[in-house]
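What follows is a short report on a single structure.
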Amino acid sequence: MPVAPPSSSEKANARAAEVAAGSSVVLLGNLVNRALRFVTSWALANFLPSAAIYGVYEAARTLVTILASFAPLGTDKGVVYFGARQRAAGDQSGFRRTVLLTLLVASVGGPAVASLGAVAAWALELDAVFLLMMPAVAVWSVLLGAVGVLRALKDMRAQSIAYLVVLPLGMLGAALLPMAGFGVNEVALGFVAANVVALLIALPLTARRLRRLPEDTGSQPVSAKSLLAYSVPESFSSMMFRVNQWADTLMVWLIAGTADVGLYRAAVTLAMIGEVPAVAVNTIFQPVIAEMVQADDPEQLRRVVRIVTRWMVMMAAPIYLGIYVGIEVLLQAWKPEYASSADALAILLWGQAAYVLAVPVTALIPMSGRARLNLVNAGGAATLNVLLNALLIPNWGIEGAATATGITLAAWSAWRMVQVKVLLDVQAFSARSLGLTAAFVVLGLGARWSTADASLMVQAGACAGSVLVFCVLAFAFGRTPGDAVVLDRVTARLKKKLGV
């Protein structure tokens, strides 16, 4: 008896299960990653002598992060884009060539960018911390290339081990050096060492995974020209993304000084906790999108994006609610001087939330082959961010930086959602997603405003209560009949990936 082909809904659920299964592995890695990074920032802020010294370290790390995102010339994204298509077509030999090109470009670009950064830091007479941290750019570039290969292979466990666990563990070890009497210079050297260790873990994992690929014939490899034609615009996009992510820190450093950088980074550290589900979903979603675009199935693409967006709301909203309503409670873990960052954190959270909820849609632009549009979007957002920071920081300080970044993140997300609707006819928010988003906004504003002058105990209770109410609403109204099928598949895939 012939078996009926799967319906569009069943295909979409299968794709969503693939995203969820991979995302679940990365989500676990990101939970560990964010926890380690949070403890790292907390340790540096509390164990270094002052917020000003902590600010010097964060300013240097910001510059290194921006340079490292550019160093592989976008090949860490290109290998995901081309690799997904090559593997979908069974072209394993072509994929191997793409991998070699990626690692070669990253290995050349990293030292070149690091050298230019070191020369600039020396010429501008920046603090020694900047020079000491600059070699990390060379190492990080190759690490990004290797992680890109693992993502193209959908090996979420391996990339989570190297990039989301080993690297932040090394950074945490460096952050604890002040407890033993070491200073910020030694912490900077520890940061470089952490990247070296992560790379030494990532390269063998990548090589082992590549050896498992089956042999094939009839290879049609991607040329270096084609790879770079896609990847170079993506490198600028990645750098612009980092500029968007870190422009506020750089502008606070340039305009207000390192003491305010330390205060501001405390707020940013807490605000970025909510990005955990977005990073997890985006990591596995990118190659899935590339394959669906290659298959030319727009209806399935629309269905998957709506499912994943709804899940994103249900995962991210409780995190942001907990932080937003419990800001003063959370800041009790920091030195008293960091309490003044509460207002900046409250502002940042709304911009971050808008950005995170739009991630399943905005990932469609680069993974549908529109690298140049992605670059234009990132450049426009970076320009807006810098201009707003320059306008608002002189009068409002770190609250001005938070306002500038929040506006930029929300606007950047909104205009990309419009582009995706026009270009791909994809609209991510279903009635359930919109209802849950509205509940998130009402619960957050209501709980915080009603407990603004209350005791820490009352604020902690409001924090827990608002999160609980949202979770009940999500369980009652956010689920669909297809979720049970998807969750069964996720459980099976997770057990297989984790070897259970």
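Computation of the quantities below employed the complete heavy-atom set of this structure, encompassing side-chain atoms and omitting hydrogens, waters and symmetry-equivalent molecules. Just so it is clear, the structure is predicted and the values come from calculations on it, not from any experiment.
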Any [X] side-chain heavy atom under 4.5 Å of [Y] side chain:
X	Y	result
R310	R306	no
F182	V187	no
L331	L270	yes
V356	M312	yes

Taking [X] for its side chain and [Y] for its backbone only, find out whether a donor-acceptor pair lies under 3.5 Å.
X	Y	answer
T75	P72	yes
S41	F38	no
D76	V147	no
N389	N385	yes
W42	A333	yes

Greater than 12 external heavy atoms within 6.0 Å of F47's CZ: yes
side-chain contact (heavy atoms from CB on, under 4.5 Å) partners for [X], two or more places apart:
X	answer
T62	I66, W246, T249, L250
I319	I273, P277, I323
L126	A121, L124, F130, W253

So, using side-chain hydrogen bond (donor to acceptor under 3.5 Å, both in side chains) as the criterion, who are the partners of [X] when residues are at least two apart?
X	result
T65	none
N377	W415, Q419
T102	none
T40	none

Qualifying residues under ring pair (Phe, Tyr, Trp, His ring centres under 6.0 Å), relative to Y324, sequence neighbours excluded: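 With neighbours one apart ignored, the set is W350.
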Sequence-distant partners of Y54, ring pair (Phe, Tyr, Trp, His ring centres under 6.0 Å), two or more places apart: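 Scan of Y54 (ring pair (Phe, Tyr, Trp, His ring centres under 6.0 Å), adjacent residues dropped) gives none.
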Nearest atoms (heavy-atom pairs only) where [X] meets [Y]:
X	Y	result
A118	L131	O-CD2, 3.3 Å
A162	A198	O-CB, 3.6 Å
P178	L48	CG-CD2, 3.8 Å
M133	A188	CG-CB, 3.3 Å
G110	V137	O-CG1, 4.0 Å
I398	S341	CD1-CA, 4.0 Å

Derivation of the side-chain contact (heavy atoms from CB on, under 4.5 Å) call for L348 and L409: CA-CA 9 Å; L348 274 173; L409 289 174; 5.8 Å; no
side-chain contact (heavy atoms from CB on, under 4.5 Å) evaluation trace for V119 with M134: CA-CA 10 Å; V119 170; M134 207 56 69; over 6 Å; no
side-chain hydrogen bond (donor to acceptor under 3.5 Å, both in side chains) contacts in which one or both residues fall within residues 177-203, not counting sequence neighbours: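 Every candidate side-chain hydrogen bond (donor to acceptor under 3.5 Å, both in side chains) pair involving residues 177-203 fails, so no pair, neighbours aside, qualifies.
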L36 and M171: CA distance, side-chain angles, deciding distance, side-chain contact (heavy atoms from CB on, under 4.5 Å) verdict: CA-CA 8 Å; L36 292 172; M171 293 180 182; over 6 Å; no
Looking at [atom1] of [X] and [atom2] of [Y], how far apart are the two atoms once the value is rounded to the nearest 0.5 Å?
X	Y	atom1	atom2	value
L423	R416	CG	CZ	13.5 Å
R211	T206	CZ	OG1	10.5 Å
L357	Q352	CG	CD	11.0 Å
M314	T309	CE	OG1	11.0 Å
N46	K335	CG	NZ	6.0 Å
L263	L345	CG	CG	12.5 Å

List, one per line, each side-chain donor-acceptor pair under 3.5 Å for residues 138-146, sequence neighbours excluded.
{"unit_1": "W140", "atom_1": "NE1", "unit_2": "Y163", "atom_2": "OH", "d": "3.2"}
{"unit_1": "S141", "atom_1": "OG", "unit_2": "A106", "atom_2": "O", "d": "2.8"}

Sequence-distant partners of R61, salt bridge (Lys or Arg N to Asp or Glu O under 4.0 Å), two or more places apart: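 Expected list: E58.
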